[in-house]
2 protein chains.
Amino acid sequence: MSRAEQKERTRRAIINAAFSQLSADKSFASLSLREVAREAGIAPTSFYRHFADMDELGLTLVDEAGLMLRQLMRQARQRIEKNGSVIRTSIETFMEFVTGNSNVFRLLLRERSGTSAAFRGAVAREIQHFVAELAEYLRKETTCPDELARAQAEAMVILVFHAGADALDAPPEQYNYLTSRTITQLRWLTHGAAGSGRKFKT
Amino acid sequence: MSRAEQKERTRRAIINAAFSQLSADKSFASLSLREVAREAGIAPTSFYRHFADMDELGLTLVDEAGLMLRQLMRQARQRIEKNGSVIRTSIETFMEFVTGNSNVFRLLLRERSGTSAAFRGAVAREIQHFVAELAEYLRKETTCPDELARAQAEAMVILVFHAGADALDAPPEQYNYLTSRTITQLRWLTHGAAGSGRKFKT
DNA sequence: CACTTTAGCTTACAACTGTTCGCTCATTCT
DNA sequence: AGAATGAGCGAACAGTTGTAAGCTAAAGTG
């Protein structure tokens with residue numbers, strides 16, 4: 001096996017070990033280098049051959065999580081073309097992601113308000129991708145000035161994110177309620193924004 | 001000095017020490033019993049005379065933070081009576097709280113998605129007080145069915161909370177933008193909800 | 001083939017952590 | 001006055017943590 005190949009392999013082992021140790025009651029901050037190394041099957045000191053410290057690993061995890069989110073968006077767009085309902089499809093896709101990759105979502109959720117400014121920034125950037133894309137969509141579909149389209153997109157993303165957070169602590173039989181509640185909230189936003197738009201324009 | 005009086009005093013010293021050690025880059029989870037005891041001016045072992053463990057202290061902190069929030073709401077109501085604008089006054093009061101007691105707000109913000117189910121529950125309960133009160137107000141002022149009033153109130157509280165979270169990482173010259181953005185978002189919600197109400201009723 | 005590079009290892013250390021135990025001694029109770 | 005209570009203390013323990021130093025052996029390079 002090639003040398004670089006092997007290195008990449010244990011690098012992934014470290015990343016996977018870290019992800020697998022995240023859970024409802026274990027945040028990234030409470031992971032220990034030694035435990036991660038143990039699960040990755042390497043000596044603690046070998047960790048440093050791949051990451052300068054735990055923070056660097058953490059930023060890598062956030063990046064990967066962001067990647068998964070963007071894949072999710074692409075998937076959602078495909079579904080929308082077949083299904084039609086933009087809001088419902090988007091939220092349902094997101095909720096599936098949250099419940100299916102709860103550890104990944106929890107990472108973003110927590111580090112968004114965590115103790116590391118670098119982490120907070122990284123998460124904020126990932127979320128901004130969502131917002132920017134949604135804002136662009138709103139600008140096309142509606143007659144909304146740029147600045148307001150962004151504010152609207154931000155509100156929507158916040159509400160959807162929060163619904164995901166609620167789902168983490170809710171029993172599965174409440175998922176339907178959470179999604180329909182969020183759909184209602186987003187509809188209010190779009191109607192309200194459209195109304196204000198008319199108010200100011202016409 | 002009475003015995004109970006003295007006990008209460010060092011209990012407060014512990015609580016204050018804990019609050020003072022919370023900061024942008026130190027969460028409750030990363031506090032150590034020994035450090036808190038040190039700042040409170042007691043031996044590590046004396047801590048146990050007041051709290052069974054750090055979790056008990058943490059729940060106490062969340063309770064206190066919730067108390068401050070409720071005082072804040074009362075204060076906001078008084079301001080509204082004099083000022084008139086409900087939404088603007090509420091948000092401005094909240095933003096003042098966030099910037100003036102950032103450690104307290106950070107505690108709620110983080111433990112809302114933290115690693116302890118008990119903490120998450122405690123924070124959720126505190127926030128529900130906000131939501132319930134706001135929902136009741138909406139039921140009186142508007143012609144909104146109960147269920148929808150609650151969903152509307154929840155959306156509003158989430159957006160305001162999030163604006164506070166943004167403020168923590170934003171330079172002070174952006175506070176005005178954050179508040180006005182949030183005002184716009186809440187107006188959209190109320191208009192949208194009113195519109196949908198009419199749509200379903202009339 | 002000899003030479004360099006480097007992922008991974010073992011050992012070791014110093015700095016913490018939470019918690020138990022037994023003691024002191026001022027306040028409180030009888 | 002005498003006994004009981006209980007807040008606070010110091011010493012000690014077992015566990016964990018991150019990380020430095022130096023070695024081994026296999027892969028890559030000329």
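Quick note: numbers below take in every heavy atom, side chains included, and nothing from hydrogens, waters or symmetry partners. Residue numbers begin at 1 in each chain, while the letters A, B, ... track the order of the sequences.
A close approach under 4.0 Å does not occur between any side-chain nitrogen or oxygen of B:Gln6 and OP1 or OP2 of D:dG6. Checking the phosphate oxygens (OP1, OP2) of D:dA7, no side-chain nitrogen or oxygen of B:Ser46 falls inside 4.0 Å. Residue B:Ser32 places no side-chain N or O under 4.0 Å from the OP1 or OP2 atom of C:dC16.
Checked for salt-bridge contact, A:Glu126 and A:Arg70 meet the test: a charged N lies under 4.0 Å from a carboxylate O. Salt bridge status for A:Glu39 with A:Arg34: absent, with no side-chain N to carboxylate O gap under 4.0 Å. Taking the charged nitrogens against the carboxylate oxygens, A:Arg110 and B:Glu111 have no contact shorter than 4.0 Å, which rules out a salt bridge. Look at B:Glu8 and B:Arg3 and you find no salt bridge, because none of the NZ, NE, NH1 or NH2 atoms lies under 4.0 Å from a carboxylate O.
The main-chain N or O of B:Leu138 is found under 3.5 Å from a side-chain atom of B:Thr142 such that the two form a donor-acceptor pair. Judged purely by atom type and a 3.5 angstrom limit, B:Arg181 has no side-chain atom pairing as donor or acceptor with the backbone of A:Ala151.
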### Summary
Reading nucleotides 22-30 of chain D from 5' to 3' and marking B where a protein heavy atom lies under 4.0 Å of the base, S where only the sugar-phosphate is that close, and - otherwise, the string is ----BBS--
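Atom pair B:Tyr48:OH and C:dT17:P shows a separation of 12 Å (rounding to whole Å applied). Atom CD1 in A:Ile14 sits roughly 11 Å away from atom P in C:dA7 (whole-Å rounding). Atom P of nucleotide C:dG8 and atom NZ of A:Lys7 are separated by 8 Å, given to the nearest angstrom. Computed from coordinates, the A:Met54 CE to D:dT16 P distance equals 17 Å when rounded to whole Å. Going from atom CZ of B:Phe47 over to atom C1' of D:dG6 covers 18 Å, rounded to whole Å. Rounded to a whole Å, the CD atom of B:Glu56 is 15 Å from the P atom of C:dG18. In this entry the distance linking CZ of B:Phe51 with P of C:dG18 reads 15 Å, nearest Å. What separates CZ of B:Arg38 from P of C:dA15 is a distance of 14 Å, to the nearest Å.
The side chain of A:Arg34 has D:dT19 as its nearest neighbour among C:dG18, C:dC9, D:dT19.
With a 6.0 Å radius and a threshold of 12 heavy atoms from other residues, nucleotides or ligands, A:Arg9 has its CZ atom at or below the threshold.
Position along DNA chain C of the nearest nucleotide to A:Gly41 versus B:Leu33 favours A:Gly41 as the more 5'-ward residue.
Within 4.0 Å of B:Glu35, counting heavy atoms only, lie sugar-phosphate atoms of the nucleic acid but no base atom.
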